[in-house]
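Everything on this sheet refers to the single structure shown next.
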Amino acid sequence: MSKKSGVAIVVGSFHKNECETMLAAAAGAIKERGMDLRAVVRVPGSYEKPLATKRLLLRDDVDAVVVLGIIEHGETAHGRVMGQSVSDALVTLQLEFMKPIGVGIIGPEVFPTQIQPRLVGHAVAAVAAVEVMLAGAESPYEIGA
Ligand SMILES: Nc1c(NC[C@H](O)[C@H](O)[C@H](O)CO)[nH]c(=O)[nH]c1=O
Ligand SMILES: CC(=O)[C@@H](O)COP(=O)(O)O
């Protein structure tokens, strides 16, 4: 049985190419930090991320989950409500399972021009947070401005 921490990734499909960039950045960060990528689950959108995450947290070989995606700015409050609802669900799952969840969801209500500059930073920050929480240490990680 591997002594390495096992991490799974849940990634959305809105702005598919950008999400794949986030996925690649997160997968690379997991490897660089000496952790094992145990699974990648692609979901239609952010509302499906909590269920996919809970399924993964139930696995004995998954010690943490990284959740990636983009919630865009729309014409209504849909994105804002989605962001709040999904964030609340993911935080609740962390406490239910006592396993870290690194949240790398850009937005909510992000404008198209704001997405590209945030893709790698949000993905890597989510992995870095999981690494720190698995180690049980205070975070030395200073999230960039
Ligand atoms: N508009 C965005 C969505 N919408 C899709 C929902 O998350 C969900 O898949 C649908 O309501 C079916 O249950 N998802 C995102 O991740 N980002 C968005 O900007
Ligand atoms: C955040 C979204 O759901 C977006 O894709 C569409 O939002 P809206 O229906 O408010 O325009």
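Atoms within a ligand are numbered from 1 in the order they appear, just like the ligands themselves. Numbers for residues simply follow the sequence, beginning at 1.
Atoms of ligand 2 found under 4.0 Å from any heavy atom of G74, numbered from 1 in the order shown, are 7 (O), 8 (P), 10 (O), 11 (O). For ligand 2, the atoms closer than 4.0 angstrom to any heavy atom of H78 are 2 (C), 3 (O), 10 (O). Short contacts between ligand 2 and G79, defined as distances under 4.0 Å to a heavy atom of the residue, involve ligand atoms 1 (C). Interface of G45 with ligand 1, defined as ligand atoms under 4.0 Å from a residue heavy atom, comprises 7 (O), 9 (O), 14 (N), 16 (O). Near T76, the atoms of ligand 2 lying under 4.0 angstrom from a non-hydrogen atom of the residue are 8 (P), 9 (O), 10 (O).
Nearest heavy atoms, A25 versus A123: CB-CB, 4.0 Å. Listed here is the closest heavy atom pair of K99 and L57: NZ-O, 2.8 Å. When all heavy atoms of G104 and A126 are compared, the closest pair comes out as N-CB, 3.8 Å. When every heavy atom of V10 is checked against every heavy atom of K49, the shortest pair comes out as CG1-CG, 3.9 Å. Of all non-hydrogen atoms in T53 and V67, the two that sit nearest each other are OG1-CG2, 3.5 Å.
Remark: R55 pairs with no residue by the salt bridge (charged side-chain N to carboxylate O under 4.0 Å, His left out) rule, at least two apart or across chains.
F111 and H73 have parallel rings, their planes meeting at less than 30° on a 0 to 90° scale where 60° marks the start of perpendicular.
Atom 1 (C) of ligand 2 has its closest protein heavy atom at E72 O, 3.3 Å. What sits closest to atom 8 (C) of ligand 1 on the protein, heavy atoms only, is E48 OE1, 3.3 Å. Of the protein's heavy atoms, E72 N, 2.9 Å lies nearest to atom 19 (O) of ligand 1. Given atom 11 (O) of ligand 1, the protein heavy atom at minimum distance is Y47 CD1, 3.9 Å. In terms of protein heavy-atom proximity, atom 11 (O) of ligand 2 is closest to E75 N, 2.8 Å.
Between R42 and E20 there is a salt bridge, with a side-chain nitrogen of the basic residue lying less than 4.0 Å from a carboxylate oxygen of the acidic one.
The N/O atoms of I71, backbone and side chain alike, include none that comes under 3.5 Å of an N/O atom in ligand 1. Taking any N or O of H78, backbone or side chain, none lies under 3.5 Å from an N or O belonging to ligand 1.
Residue I70 touches ligand 1 through its backbone alone, judged by heavy-atom distances below 4.0 Å. Counting heavy atoms under 4.0 Å from ligand 2, residue E109 does not touch it at all. Counting heavy atoms under 4.0 Å from ligand 1, residue F14 touches it through the side chain alone.
Side-chain atoms of R33 and V130, non-hydrogen and from C-beta on, never get closer than 4.5 Å to each other.
V86 is connected to L56 through a chain of hydrophobic side-chain contacts under 4.5 Å among Ile, Leu, Val, Met, Phe, Trp and Tyr, so both are in one cluster.
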